[in-house]
Amino acid sequence: MGGAELDNSQSTSNRGTVSGYDAVAIQSRWRDRWQADDLYRVDDNSPLPKWYSLTMYPYPSGTLHVGHWYAFAVPDVFARYKRMNGFNVLFPMGFDAFGLPAENAAIRHGIHPATWTYDNIAHMRKQYDQMGAMIDWSREVISSDPEFYHWNQWIFLRMLERGLAYRKAGPVWWCPNDKTVLANEQVIDGNICERCGAEVSRRDLEQWYFRITEYADELLECLNDLDWPERVITMQRNWIGRSEGARVAFTMENGEALDFFTTRPDTVWGATFMVLAPEHPLVPSLTTEAQREEVEAYVDRSRRRSDIERMSTDDENERTGVFTGSTIRNPITDEQIPIWIADYVLMGYGTGAIMAVPAQDQRDFEFARTFGLPIRVVIQPDGEVLDPETMTEAYAGPGTLVNSGQFNGVRVPEGVPAIIEWLQSEGRGAAEVNFRLRDWLISRQRYWGTPIPVVYCDGCGIVPVPDDQLPVLLPLDAEFTPTGQSPLVSHEAFLNTTCPSCGGEARRETDTMDTFVDSSWYWFRYTSPHEANAPFDKDAAARWTPVNLYTGGIEHAILHLLYARFITKVLNDLGFVEHREPFVRLRNQGIILAAEGTKMSKSRGTQVAPDELVAVHGADVLRLHLMYLGPWDQGGPWNDRGLTGMERFLRRVYTLAVDTAAVIDQPESSIDASTERTLQRLTHATIERVSRDIEGFQFNTMVAALIEMSNALGDLRSDDLLTTGPWRDAIRTLVLLLAPSTPHLSEELWEKLQGEYSVHHRSWPTFDPEKAKEDSIELIVQVNGKLRDKIVVPAGISEEEARKVALASDRVAEHLAGSEPRRVIYVPGKLVNVVA
RNA sequence: GCGGGCGUGGCGGAAUGGCAGACGCUGCGGUCUUAAAAACCGCUGGGGAAACCCGUGCGGGUUCGAAUCCCGCCGUCCGCACCA
């Protein structure tokens, strides 16, 4: 990889050795010892309560950058903290190893995707060890391993049996650059490929889908019970997009019904025309001969336009559309109204048809004005009379129904359920719920993924591959040519097979699965990574899952997290897991930007290579620095100036601990009561702060608390103190509190202080509120809310006493200037405010 | 357009109704040293000799007291964007 040598314990840097603290040497020494001792092996049979911390497994792109450290080192601190607090912790790691970059490397550089992927993994695994991460590599999961993707295929077959996987023809997103179809969730800004940024377009193709819409209601409902960032919950809620309304039927000229969906059934008397999506299947038959040419031209144009153009709101006043020549009877008003087509109506939502109520809907209003169609007001707002002739925009607010037959005078929104009920009794409609969420398109026309385990037989049709013939192996001897076609299509040995049902000639499916299928259940596999007869061992999964804490980037707020929730519910329905939500608590890290505040970029050379920093400063310093940058969910621009501060801090800790260790064999000496209290208070107050901050994911203030403690110890330090009990307690506590953050240094110092190996198996210090209590406080004295004096008083001071002390202050007297205090406010243990 | 987050010294940030700027960086001055580095000590929001005054994007409000709560703007980042 050409980067810095990681393991250079004879480092040319002398920065760490001046005070005797050689971070790099300490680090490699303990890493070797821990590896030899298998310190991070997870015990499935531990009697301790379990804790499952999980970080989204990375794509093996080749090298860990600072962003990977940020995403992994900080949760590693949390996992270590949990372990010291008596939990049996699973904090596994693996690789999201299928996907396009490997295939592109094959096409461009002639390296096989497997070679490229597994070489990258080997390098990255070493880098994770450099980080000091507590990974049990015996549980590693690599999604491109047949022993993993075997179970993708198995889960697919179970879903096929239940009708949750199916094949369907229809318009799908096609990326011309990646030469594959994409799921709706992978298209951003209307027509951009989430992966490569190319402009995507619609194609009519037959593809495989997972029926995620079957779970739409539950996916929405369960969001309320999750300890997730509000932002992510809102994004999922919007993506699922539930809306309540009614399905209503109007009658066409030939007597047949035409259905549409509306959320405003209360405005049905105001429907003055109807609009269909250009792709609506009834368009050809509804089009009259006189209109045919115009309609066909419009349909053709719509098909060509990208969705971004079709849906752009920039030109919302320029409504386009064409009259079909047909009319339809609105059975509520018994009027014949015209049927138009327009591309603001989408085929993919509802029934692809709407009733247009121009007075009450802005889009319909603009359309009516553009084409001179009638407008009838059916909702009058309070204190204002709308006139269709003069209105300049639609009115969608509350009001009273007018021009609405027997419902005149009914209030909006109260009238909506009444009208739905009436429509139902008339046989004209029924309540209905619609979702924005579509089924998940999972097939990809690419090589480096899980083969979809079905065959096509001329006699039997689509035939699933039987379980005992799994896995359908991805052939490694495929030809990579930049044709854009999957190598599987031209791989005769793979393609040609026999039908499992009739034994006749058959062809294999050559599409592979979306890699989001892998990440929709991979965390179950960590609980029993070598299970050979099932995706995972049921008991092991029951023991460890659900995941207590999941961390990762906000960019997966919809895609991965929605799919993972869906597959968990499916696995629950299949009886394989005991819960319906996979991740109890979710936290997102922010993005580390380049120093300039822009995105880190390899090509512009703004990417920060952690290997070089580790070789100079050591992993402990880098871990601390990343925690100290600011709130973890905020990210921010990288700067390396702060590294200096962390290095100084650790050197001070090293000096304090080593000097204490040097006299650790001497008998304990006596200490005066006041210094003893000071040390006790400092120690216990810091335990409290550090514990609270880690629990609350506030790692920046956690580090500040540790720095403050070591600064205070530095100030107190004297030769006599070093051999006293309270000092030794304080130093040992500091080392324990640092252990999750700086695993290498803490182990080194713990050994010198004659602590039992390993510091990482010790218990977290317990906090005694009595010992943390202050004996005296600084009473803040204000006059009219402005600070005027600070008076040291006993911590348990009474209100009466505090008022007396404050009013006796010269400074207060000065500012009162002889006038009598009108009021005195006392905040217990904090301040007195004298109001003049 | 709609929804959400954020806005505090030279910089990263702390304080979520009670001392604004913890902690770190930077900068300046000093100790040690032949010298430098490292380490250590002091200062480091603005004004002022001081008392004190001003100060948390801008304007208003609530409160004894507001960075923090409320209303209205401005800026910035993110999400959604004709979903009937």
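Remember, it's a predicted structure, so these values are computed and weren't measured experimentally. Residue numbers start from 1 in every chain, and the chains themselves are labelled A, B, ... in the order their sequence lines are given, proteins ahead of strands.
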> Checking A:Arg436 against A:Trp239: charged group under 6.0 Å from the ring centre and within 45 degrees of the axis?
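Cation-pi check for A:Arg436 and A:Trp239: passes.
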
> Just call it for A:Pro631: base, sugar-phosphate, or nothing, with non-hydrogen atoms closer than 4.0 Å on any strand.
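Since only primed, P, OP1 and OP2 atoms lie under 4.0 Å of A:Pro631, the category is sugar-phosphate.
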
> Could you state the atom-to-atom distance from CD1 of A:Ile591 to P of B:G5 in whole Å?
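Taking CD1 of A:Ile591 and P of B:G5, I get 19 Å after rounding.
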
> How far, in whole Å, is B:U16 from B:C69 if one measures between their P atoms?
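Looking at atom P only, B:C69 and B:U16 are 11 Å apart.
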
> Any Lys/Arg nitrogen of A:Glu814 or A:Arg788 sitting under 4.0 Å from an Asp/Glu carboxylate oxygen of the other?
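No, no charged N to carboxylate O under 4.0 Å.
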
> Distance alone, cut at 3.5 Å: any donor-acceptor contact between the side chains of A:Gln236 and A:Arg565?
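Judged by distance alone, the side chains do pair up.
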
> Using the C1' atom in both, what is the distance from B:G10 to B:G5, to the nearest Å?
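Taking atom C1' in both B:G10 and B:G5, they lie 26 Å apart.
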
> From B:A84, B:A22, B:G24, pick the nucleotide closest to the side chain of A:Glu708?
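The answer is B:A22.
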
> I want to verify a distance call: between B:C19, B:A14, B:C82, whose nearest atom is closest to the A:Glu778 side chain?
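Per side-chain heavy atoms of A:Glu778, the pick is B:C19.
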
> Specify the residue among A:Arg788 and A:Arg648 whose closest nucleotide of RNA chain B lies further upstream toward the 5′ end.
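Going by which nucleotide is closer to the 5' end, it is A:Arg648.
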
> Please state how far atom CG in A:Leu629 lies from atom P in B:G12, giving the value in whole angstrom units.
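Roughly 11 Å, once rounded to whole Å.
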
> Can you name the residues that form a ring-ring contact (aromatic ring centres under 6.0 Å, His included) with A:Phe365, not counting sequence neighbours?
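A:Phe365 satisfies ring-ring contact (aromatic ring centres under 6.0 Å, His included) with no other residue.
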
> With sequence neighbours excluded, tell me which residues meet salt bridge (Lys or Arg N to Asp or Glu O under 4.0 Å) with A:Arg587.
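In terms of salt bridge (Lys or Arg N to Asp or Glu O under 4.0 Å), with neighbours along the sequence ignored, A:Arg587 is linked to A:Asp227.
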
> Take the protein atom CZ of A:Arg652 and the nucleotide atom P of B:A39, then report the distance between them rounded to whole Å.
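That distance rounds to 9 Å.
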
> What does nucleotides 60-69 of chain B look like as a protein-contact string, B for base, S for sugar-phosphate only, - for none, at under 4.0 angstrom between heavy atoms?
----B-----

> Using a cut-off of strictly less than 4.0 Å between a heavy atom of the residue and any atom of RNA chain B, enumerate the qualifying residues of residues 693-702 of chain A by number.
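Under 4.0 Å from RNA chain B: A:Asn700, A:Thr701.
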
> A:Ile558 has an atom CD1; how far is it from atom P of B:C78, in whole Å?
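Rounded to whole Å, this separation is 15 Å.
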
> Just by distance, no angles: are the side chains of A:Thr351 and A:Asp259 close enough, under 3.5 Å, to form a donor-acceptor pair?
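A:Thr351 vs A:Asp259: no donor-acceptor pair found between side chains.
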
> With C1' as the reference atom in both, quote the distance from B:G24 to B:G9 in angstrom, rounded to an integer.
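Straight-line distance between the two C1' atoms is 14 Å.
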
> Does A:Arg651 put a side-chain nitrogen or oxygen below 4.0 Å from OP1 or OP2 of B:A39?
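Yes, within the criterion.
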
> Just wondering, do A:Ile328 and A:Phe273 contact through their side chains at under 4.5 Å, heavy atoms?
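Counting from C-beta outward, A:Phe273 and A:Ile328 never come under 4.5 Å.
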
> Let's see if you can work this out: which of B:C19, B:U26, B:C54 has an atom nearest to the side-chain heavy atoms of A:Ile780?
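In terms of side-chain proximity for A:Ile780, the closest of B:C19, B:U26, B:C54 is B:C19.
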
> If you measure only the distance, is there a donor-acceptor pair under 3.5 Å linking the side chains of A:Glu432 and A:Asn434?
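Indeed, the side chains of A:Glu432 and A:Asn434 share at least one donor-acceptor pair under 3.5 Å.
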
> Could you check whether A:Glu244 pairs with A:Arg242 (Lys NZ or Arg NE/NH1/NH2 to Asp/Glu carboxylate O, under 4.0 Å)?
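Yes, this pair counts.
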
> Which of the following nucleotides, B:C78, B:A20, B:A84, is nearest to the side chain of A:Leu787?
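Within the option list, the nearest is B:A20.
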
> For nucleotides B:C28 and B:C73, find the distance between their P atoms and express it as a whole number of Å.
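Taking atom P in both B:C28 and B:C73, they lie 46 Å apart.
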
> Say you pick atom P in B:U56 and the same atom in B:U68; how far apart are they, in whole Å?
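Approximately 9 Å lies between the P atom of B:U56 and that of B:U68.
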
> Looking at side-chain heavy atoms only, is the closest gap between A:Thr324 and A:Trp340 below 4.5 Å?
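No; the side chains remain at least 4.5 Å from each other.
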
> Syn or anti for B:G13, given that syn means the glycosidic angle lies within 90° of 0?
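Anti, which is what one calls it when the glycosidic angle falls more than 90° from 0.
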
> Would you indicate, yes or no, if B:A84 has its OP1 or OP2 atom less than 4.0 angstrom from a side-chain nitrogen or oxygen of A:Tyr349?
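A:Tyr349 to B:A84 OP1/OP2: side-chain N or O found under 4.0 Å.
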
> How close or far is atom P of B:C6 from atom CZ of A:Arg231, stated in whole angstroms?
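Rounded to whole Å, this separation is 10 Å.
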
> With heavy atoms under 4.0 Å as the rule, sort A:Asn434 into base, sugar-phosphate or nothing.
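Contact class for A:Asn434: none.
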
> Roughly, in whole Å, what's the span from CD in A:Gln236 to C1' in B:G4?
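One finds 16 Å between C1' of B:G4 and CD of A:Gln236, rounded.
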
> Between B:U63 and B:C70, how many Å separate the two C1' atoms, rounded to a whole number?
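About 12 Å, rounded to a whole number of Å.
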
> Expressed in whole Å, how much space separates the C1' atoms belonging to B:G65 and B:G47?
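Going atom to atom, C1' in each nucleotide, I get 25 Å.
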
> Could you check A:Arg811 against A:Arg641 and say which one's nearest nucleotide on RNA chain B is further toward the 5' end?
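On the 5' side of the pair lies A:Arg641.
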
> Classify the side-chain pair A:Thr320/A:Tyr344 by whether it contains a donor and acceptor separated by less than 3.5 Å.
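Looking only at side-chain atoms, A:Tyr344 and A:Thr320 do not form any donor-acceptor pair under 3.5 Å.
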
> Give the stems involving RNA chain B, where a stem is 3 or more consecutive Watson-Crick or G-U wobble pairs (i with j, i+1 with j-1, and so on) under 3.5 Å.
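If one scans RNA chain B for consecutive Watson-Crick or G-U pairs, the stems found are B:1-7 with B:74-80, B:10-12 with B:23-25, B:27-31 with B:39-43, B:45-47 with B:52-54, B:57-61 with B:69-73.
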
> Which pair of non-hydrogen atoms, one from A:Ser243 and one from A:Phe261, has the smallest distance, and what is that distance?
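Heavy-atom minimum between the residues: O-CZ, 3.6 Å.
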
> Nearest to the side chain of A:Tyr628, heavy atoms from C-beta on, is which of B:C23, B:C19, B:G13?
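For A:Tyr628, the side-chain atoms sit closest to B:C23.
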
> Please classify the nucleic acid contact of A:Thr234 as base, sugar-phosphate, or nothing, using heavy-atom distances under 4.0 Å.
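Nothing, no heavy atom under 4.0 Å.
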
> Could you give me the CA-CA distance, side-chain angles and deciding distance for A:Asn224 and A:Arg237, then say whether side chain to side chain donor-acceptor pair (under 3.5 Å) is met?
CA-CA 10 Å; A:Asn224 301 324; A:Arg237 204 171 272 145; 3.1 Å; yes

> With a cut-off of less than 4.0 Å, is there a side-chain N or O of A:Gln362 near OP1 or OP2 of B:A84?
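So the side-chain polar atoms of A:Gln362 never come under 4.0 Å of the phosphate oxygens OP1 or OP2 of B:A84.
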
> Can you tell me how far P of B:G1 sits from OH of A:Tyr344, to the nearest Å?
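These atoms are roughly 22 Å apart.
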
> Can you tell me how far C1' in B:G57 sits from the matching atom in B:A67, rounded to whole Å?
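My reading of the C1' atoms in B:G57 and B:A67 gives 12 Å.
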
> Rounded to the nearest angstrom, tell me the gap between atom CG in A:Leu831 and atom C1' in B:A20.
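After rounding, the gap between these two atoms is 15 Å.
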
> Respond yes when some side-chain nitrogen or oxygen of A:Arg436 is under 4.0 Å from OP1 or OP2 of B:A81, and no when none is.
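Yes, A:Arg436 has a side-chain N/O under 4.0 Å of OP1/OP2 on B:A81.
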
> Among residues two or more places apart or on two chains, list those pairs meeting side-chain hydrogen bond (donor to acceptor under 3.5 Å, both in side chains) that have a residue in residues 623-634 of chain A.
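Qualifying pairs: A:Asp76-A:Arg623.
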
